[in-house]
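First the structure, in the form of structure tokens, and then the observations on it.
We use all heavy atoms of the structure for the numbers below, so side chains are in, but hydrogens, waters and symmetry mates are not.
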Amino acid sequence: MDILAQLNPAQKQAVEAINGPVLILAGPGSGKTRVITHRIAYLIKVVGVNPRRILAVTFTNKAAREMEARLNRLVSGSVQDLTLGTFHAICARILRQDGRAIGIDPKFVIYDDDDQISLLKKSLQELDLDPKQYAPRAIQSAITAAKSQMIGPADYLLHGRSYFEEIVARVYEKYEALLKASSALDFDDLLMKAVQLFRQNPEILARYQSRYLHIQVDEFQDTNLVQYELMKQLAGKHRNICVVGDPDQSIYSWRSADLRNILNFEKDYPDAKIVLLEQNYRSTRMILDAASSVISANKQRKPKDLWTENEPGVPCAVIETYSGEEEAQYVVGEIDNLVRRGEAKPGDCAVMYRTNAQSRLLEEAFIRYGMPYKLVAGTRFYERREVKDIIAYLRLVQNSSDTVSLMRIINVPQRGIGQRSLDELTAWARSQSVPEYRALQLLAESKGSAADLPFSQRTVKALAGFAVMMEKLVEKSRVLNMVELFDLVVEISGYKQYLAGLMDGEERWENVLELRGVAQDYRDRPSGEGLSAFLEGVALVSDVDSLDEKIDAVTLITLHQAKGLEFPVVFMVGMEDGILPHFKSIDDPGQLEEERRLCYVGITRAEKRVYLVRAFRRQLMGSSAVNRPSRFLEDIPSRLTTSQSVWESEDAWDSSAAPAQKPFAPPADIPEFRPGDHVRHEQFGEGVVVSYQKTRADAEVVVAFDGAGVKRLLLSFAKIEKV
DNA sequence: CGAAAGGCTCTTTTT
DNA sequence: GAGCCTTTCG
């Protein structure tokens with residue numbers, strides 16, 4: 001196959017420019033992913049570069065997987081030798097490998113947002129500061145911002161000007177000490193420490209530099225300063241670095257993404273070749289024109305000429321409904337219409353919104369209507385309590401210094417270890433200057449002869465019991481595979497029984513089973529390695545990673561998550577001032593421009609149809625508010641739109657009433673299953689039915705597949721047959 | 001010690 | 001309206 005054959009001249013140029021720095025400015029739908037994959041394929045197949053010597057950075061794990069799949073079609077085999085992943089995943093790998101050089105325990109755990117907050121609260125406590133006066137969230141964002149500029153606690157103190165910053169500096173210092181004591185790194189550390197490692201150890205850097213002959217960075221407009229620094233370090237020797245981005249799609253400045261990276265790239269690499277991809281293959285001309293008219297209202301931008309040979313298509317539908325409920329109902333009803341007319345399948349449609357909170361109304365409408373949907377975040381699987389609990393057990397098995405995990409689960413399920421006992425434990429551990437976990441071990445050893453300890457007999461027993469259980473897990477973890485270890489944890493921690501006694505226990509148990517499905521992917525690895533790979537995997541997933549295109553259901557997704565995706569039909573809801581643009585951004589011109597880019601990203605996801613939907617009034621934070629139409633709507637010339645008002649009524653929609661229109665038509669015969677039935681699915685293979693539940697228009701079945709883990713499937717769309 | 005109830009605050013986007 | 005914290009009672 002000729003790799004260059006199906007590319008336009010600009011794309012071809014981008015693929016062939018393999019020597020030296022390259023900056024590709026790629027408009028939406030311009031075949032960016034195509035260019036990246038073809039470039040890598042070209043390097044491997046035509047130039048003969050060993051895949052081991054190529055590094056490709058993506059924004060999400062999903063993008064990485066997709067790229068891998070596409071590459072496999074272009075150059076079969078050898079793709080697994082590529083280094084491919086997110087900045088965070090790649091840095092984690094580097095630090096496990098070489099972090100020792102700067103004092104990082106190779107068994108470090110990765111702390112997510114939640115863990116960070118817990119640790120910050122603990123820091124405040126130890127410093128005798130009031131968490132009400134100094135909101136952990138605020139401190140966290142200050143620390144994140146500092147870390148993305150590689151400012152450590154000591155530097156922060158020097159920079160600190162306000163009183164708040166002084167406080168932050170103190171907390172920052174304490175927080176770092178606690179991280180260190182827990183052998184933990186937060187997300188920002190992964191990046192920052194990698195840069196630090198390379199700065200302080202030129203010989204280690206040299207190794208990576210020589211290895212990576214070619215470096216490729218996607219979504220460059222959303223990188224921050226540390227990421228850029230890291231990239232520069234790695235490209236230091238060969239200078240074959242290719243970055244792809246679109247300033248108009250920069251929507252992560254709040255996560256310290258810095259558009260200056262694009263400008264600096266041209267400065268740091270004056271010989272950079274710049275390629276513009278301006279032909280759009282995705283959208284109709286109407287959609288592209290509407291998007292262009294929105295984005296051109298931004299002042300801070302280089303004008304760009306996007307064009308397309310696609311047909312004009314239909315105008316964007318601008319819809320006004322009465323309330324948030326009616327908005328959701330309109331969306332479902334309209335999708336139903338499209339499906340009935342044969343214009344689209346549910347899986348062709350996406351509903352996009354600014355804030356996660358907006359998904360609830362939509363979800364309710366989809367459920368009521370019996371329309372299949374998949375929610376991309378919202379559920380936040382890895383943030384669920386039961387999921388985090390089980391992961392905390394496993395983390396503690398791997399790394400006994402992990403205090404945050406220890407404190408999380410020491411009394412879950414209840415073991416009679418209350419707050420007071422914990423305070424005593426912390427105090428005693430400190431007085432003995434040992435970590436909490438070690439203190440537990442000491443207690444377990446001295447059981448009985450512990451008259452001088454500041455604990456009651458009962459407390460000692462409870463604490464020691466926990467320590468003994470954990471020790472058993474640690475011991476077994478050396479011989480068990482990941483699934484066996486998982487099962488053992490759930491069993492001897494008493495977690496299974498604990499859930500069984502809870503009201504929503506069944507639902508939460510299903511989540512535990514789903515996590516077990518993830519563990520199955522690591523079953524075949526050697527014991528210790530399986531555990532650390534599993535923990536790393538679950539620490540660095542993003543919500544879009546779980547999006548499954550193969551399921552024919554409407555996608556519910558935030559505008560941020562939608563970046564990089566495309567759908568034939570896009571509904572953007574909440575097109576109101578205060579929502580998009582968000583009220584927090586309205587007063588700041590810079591932030592307002594980012595909101596506009598967000599709007600642009602949304603519109604440009606669409607291939608055939610765009611609906612811009614708003615509600616006349618809606619419930620916001622409890623009370624009802626009347627919002628003006630989004631100012632971004634004014635930027636779209638009327639020749640590109642059709643407007644319609646579809647008020648159902650002035651009364652709030654009675655949610656208990658039957659749907660106003662006929663429900664989405666399910667296939668006439670829905671097969672029935674029972675738990676325990678053996679079934680086969682065309683993608684997932686064989687498995688056993690865990691549960692079966694009829695809904696109004698469909699049925700949902702949960703199956704534990706032998707290979708693919710536990711899946712929740714809608715029978716009207718998934719093809720399942722009894723074995 | 002733990003469960004339940006009541007009161008408080010904040011809601012943007014996420015690797 | 002949800003989640004988090006504190007208080008209160010058993």
Side-chain angles (χ1 to χ4, degrees), chain A residues 57-64 85-92 110-114 116-118 121 130-133 135-138 140-141 144 147-148 185-192 219 222-224 226-227 250-257 324 352-361 376-378 380 382-383 385 411-422 424 456 458-459 462 501-503 536 538-545 557-563 574 578-586 588 591-592 594-595 597-599 601-602 619-624:
Chain A
V57 187
T58 55
F59 196 67
T60 60
N61 296 302
K62 176 167 181 285
T86 63
F87 268 110
H88 290 86
I90 289 168
C91 287
I110 300 168
Y111 277 0
D112 68 12
D113 217 60
D114 248 26
Q116 248 187 82
I117 295 291
S118 307
K121 283 184 186 158
D130 180 8
K132 278 199 182 123
Q133 203 172 350
R137 283 264 157 228
Q140 181 205 28
S141 70
T144 295
K147 286 191 176 182
S148 343
L185 300 180
D186 63 27
F187 282 142
D188 305 304
D189 282 340
L190 293 175
L191 307 170
M192 189 178 80
E219 306 286 6
D222 286 321
T223 54
N224 65 28
V226 191
Q227 290 168 329
S250 161
I251 52 177
Y252 282 95
S253 71
W254 48 273
R255 217 174 74 192
S256 317
M352 302 180 184
Y353 36 85
R354 174 67 235 264
T355 66
N356 277 308
Q358 290 170 263
S359 67
R360 228 192 65 244
L361 283 180
V376 172
R380 296 285 174 93
Y382 287 100
E383 285 169 29
R385 209 160 69 232
N411 200 34
V412 180
Q414 296 92 318
R415 304 187 170 88
I417 304 172
Q419 194 52 50
R420 241 187 85 202
S421 308
L422 283 182
E424 282 165 354
S456 72
R458 200 174 56 163
T459 309
L502 255 50
M503 247 212 313
E536 188 134 326
V538 300
L540 297 174
V541 285
S542 64
D543 292 309
V544 256
D545 291 343
I557 193 170
T558 66
L559 286 162
H560 281 88
Q561 294 170 327
K563 190 179 67 159
I579 296 184
L580 182 70
H582 194 269
F583 69 94
K584 281 221 159 188
S585 306
I586 261 172
D588 177 329
Q591 285 190 56
L592 193 63
E594 183 147 319
E595 297 285 315
R597 292 195 290 269
L598 206 45
C599 182
V601 166
Q619 300 286 115
L620 272 176
M621 295 177 212
S623 54
S624 174

At their closest point, which heavy atom of Asn61(A) faces which heavy atom of Thr86(A), and how far apart are they?
N-CG2, 3.8 Å
Starting from P on dC4(C), measure out to CD1 on Ile117(A) and report it in whole angstrom.
11 Å
Rounded to whole Å, the CH2-P distance (Trp254(A) to dT11(B)) equals 14 Å
So which atom in Lys121(A) and which in Pro136(A) form the shortest heavy-atom distance, rounded to 0.1 Å?
CG-CG, 3.9 Å
Under a 3.5 Å cut-off for both distances, is dT13(B) Watson-Crick or wobble paired, and to whom?
none
Over how many whole Å does the gap from Asp114(A) atom CG to dC4(C) atom P extend?
8 Å
Minimum heavy-atom distance Tyr252(A)-Asp222(A), with the two atoms named:
N-OD1, 3.4 Å
Which atom pair, heavy atoms only, marks the closest approach of Gly602(A) to Leu559(A)?
CA-CD2, 3.7 Å
Give the intermediate values and the outcome of side chain to side chain donor-acceptor pair (under 3.5 Å) for residues Gln358(A) and Thr355(A).
CA-CA 6 Å; Gln358(A) 290 170 263; Thr355(A) 66; 3.3 Å; yes
Taking any heavy-atom pair under 4.0 Å as a contact, classify Asp186(A): base, sugar-phosphate, or nothing.
nothing
What integer distance in Å separates Phe187(A):CZ from dT13(B):P?
16 Å
Counting the atoms with a prime plus P, OP1 and OP2 as sugar-phosphate, which does Tyr252(A) contact under 4.0 Å by heavy atoms, base, sugar-phosphate, or nothing?
sugar-phosphate
Between dC5(C) and Lys121(A), is there an OP1 or OP2 to side-chain N/O distance shorter than 4.0 Å?
yes
Heavy atoms only, 4.0 Å cut-off, all strands: where does Lys563(A) land among base, sugar-phosphate and nothing?
nothing
Verify salt bridge (charged side-chain N to carboxylate O under 4.0 Å, His left out) between Arg255(A) and Asp188(A), making sure each step is shown before the conclusion.
CA-CA 10 Å; Arg255(A) 217 174 74 192; Asp188(A) 305 304; over 6 Å; no
Under 4.0 Å between a side-chain N/O of Ser421(A) and OP1 or OP2 of dC1(B), yes or no?
yes
Suppose we define a pair by two distances each less than 3.5 Å, Watson-Crick or G-U wobble; what does dA5(B) pair with here?
dT6(C)
Find the distance Lys62(A):NZ to dT14(B):P and express it as a whole number of Å.
15 Å
Under 4.0 Å: is that the gap between some side-chain N or O of Thr558(A) and OP1 or OP2 of dT14(B)?
yes
Please check the phosphate of dC1(B) (OP1 and OP2 only) for any side-chain N or O of Asn411(A) closer than 4.0 Å.
no
CZ of Arg360(A) versus C1' of dG3(C): gap in Å, rounded?
14 Å
Specify the separation, in whole Å, of atom CG of Leu598(A) and atom P of dT14(B).
10 Å
Using the P atom on both, measure dT13(B) against dC4(C) and round to a whole Å.
15 Å
Taking for each residue the nucleotide of DNA chain B bearing the nearest heavy atom, is the 5' side occupied by Gln116(A) or by Phe583(A)?
Phe583(A)
dC1(B) OP1/OP2 closer than 4.0 Å to side-chain N/O of Gln414(A)
no
Within the structure, does a side-chain N or O atom of Asn356(A) lie under 4.0 Å from either OP1 or OP2 of dT13(B)?
yes
Tell me: CZ of Arg137(A) to C1' of dC5(C), nearest whole Å?
16 Å
